[in-house]
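A short worksheet on the structure shown next.
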Amino acid sequence: MNVKSKYARIYREVIVEMLTEERKQKILQLLEQHKIVKSQELVVLLDASESTIRRDLQELEDEGLLQRIHGGAKKEDLLGFEQNMSEKTLKNVHEKQMIARLAAELVNDEEVIYLDAGSTTLEMIPFLKDKQITVVTNSVKHAAALVDLQISTIVLGGQVKLSTNAVLGANTLSQLQAYHFNKAFMGMNGVHLERGFTTPDPEEAAVKRLAITNAQDSYVLLDHTKFNKQTFVSVAPLQDATIITERCPLEFLDDYSERTTIKEANQ
């Protein structure tokens with residue numbers, strides 16, 4: 001393949017990706033307005049084939065942005081719903097590993113860091129091997145993995161939430177209040193321009209909020225499916241943390257970049 005053909009192919013691929021993102025954004029905008037959209041209406045409004053619309057709706061559902069129904073889709077608004085840890089660890093594994101690797105590169109020897117419960121922060125642990133650090137965590141699963149790697153670990157006390165393995169409650173908050181961190185690496189269920197970082201559980205939100213407050217620098221690890229998604233409880237505004245992601249969807253990039261720092265793992 002000559003150079004001209006190579007760049008022509010890359011150009012076509014970029015255009016296709018941009019058109020796909022624009023089409024998906026229009027679908028989400030229609031859902032914001034009408035709550036339910038029909039596939040046949042989308043075919044006409046977006047001048048796309050039925051197979052293209054089906055693929056767009058499937059991908060948006062996979063990202064948790066809508067729910068497919070017979071003949072169309074409806075807006076996904078399950079603010080209090082949270083998958084359990086085993087379900088989370090099976091989703092977007094490659095993306096989470098990319099994010100985790102970049103996050104781990106920010107950790108320096110002799111630092112004290114906070115590692116929040118969550119499937120993406122769990123992926124950080126193998127990349128922390130051989131670092132001379134102290135880790136504080138509110139996850140029994142994270143603590144076990146850290147100890148296996150001979151990393152100095154403090155696990156917060158409290159009641160273990162069985163679905164996420166997070167340690168929560170008044171005892172957790174009391175202990176956490178006394179600790180201060182060079183860096184905090186947080187999991188989150190959604191990030192929204194107006195609502196900031198959110199999570200479904202008020203008790204988890206309280207722990208996350210305090211960890212962010214007690215850290216010199218805070219990082220929220222999010223894959224692309226979490227952007228412009230809000231759940232039940234606000235944890236912190238966007239400016240309180242740097243977002244680490246494998247990619248920020250193009251339609252959101254400018255708006256989010258104006259309010260917080262975004263580090264993309266594919267750059």
(message) Restricting to side chain to side chain contact (heavy atoms under 4.5 Å, CB included), what partner residues turn up for K24, sequence neighbours left out?
(response) T20, D56, E59, L60, E63

(request) Could you pull out all residues at least two apart from E50 that satisfy side-chain hydrogen bond (donor to acceptor under 3.5 Å, both in side chains)? (result) Q40

(request) Kindly indicate whether the side chain of I154, heavy atoms from C-beta on, has any atom under 4.5 Å from the side chain of Y179. (result) yes

(message) One thing to verify: whether K96 and D223 come together as a salt bridge, which I'm taking to mean a side-chain N less than 4.0 angstrom from a carboxylate O.
(response) no

(request) Would you please name every residue forming a side chain to side chain contact (heavy atoms under 4.5 Å, CB included) with D109, sequence neighbours left out? (result) K131, Q132

(request) Please examine the side chains of N228 and Y256, heavy atoms only from C-beta on, and report whether any two atoms are closer than 4.5 Å. (result) yes

(request) Could you go through the side-chain hydrogen bond (donor to acceptor under 3.5 Å, both in side chains) check for T199 and N189 one step at a time? (result) CA-CA 5 Å; T199 196; N189 296 78; 2.7 Å; yes

(message) I'd like to check L221 versus T121 (side-chain heavy atoms, cut-off strictly below 4.5 Å). Are they in contact?
(response) yes

(request) With the side chain counted from C-beta on, respond yes when I133 and V112 share a heavy-atom pair under 4.5 Å apart, and no when they do not. (result) no

(message) Checking the side chain of T137 only, and the main-chain atoms of H142 only, is there a donor and an acceptor separated by less than 3.5 Å?
(response) no

(message) Using side-chain heavy atoms (C-beta onward) and a distance below 4.5 Å, is V233 in contact with D201?
(response) no

(request) Only counting residues at least two apart or in another chain, list the ones meeting side chain to side chain contact (heavy atoms under 4.5 Å, CB included) with I69. (result) I36, K74

(message) Holding to side-chain hydrogen bond (donor to acceptor under 3.5 Å, both in side chains), I want the full list of residues that pass it with T198, two or more places apart in sequence or in another chain.
(response) T231

(message) Under the rule for side-chain hydrogen bond (donor to acceptor under 3.5 Å, both in side chains), what residues qualify as partners of E194, not counting sequence neighbours?
(response) R259

(request) Go through the steps to decide whether E246 and H224 satisfy the test side-chain hydrogen bond (donor to acceptor under 3.5 Å, both in side chains), and finish with yes or no. (result) CA-CA 7 Å; E246 92 285 7; H224 69 278; 2.4 Å; yes

(message) Side chains of N214 and Y114: any donor to acceptor distance under 3.5 Å?
(response) no

(request) Flag the pair S218 / F181 as yes when at least one side-chain heavy-atom distance between them is below 4.5 Å, and no otherwise. (result) no

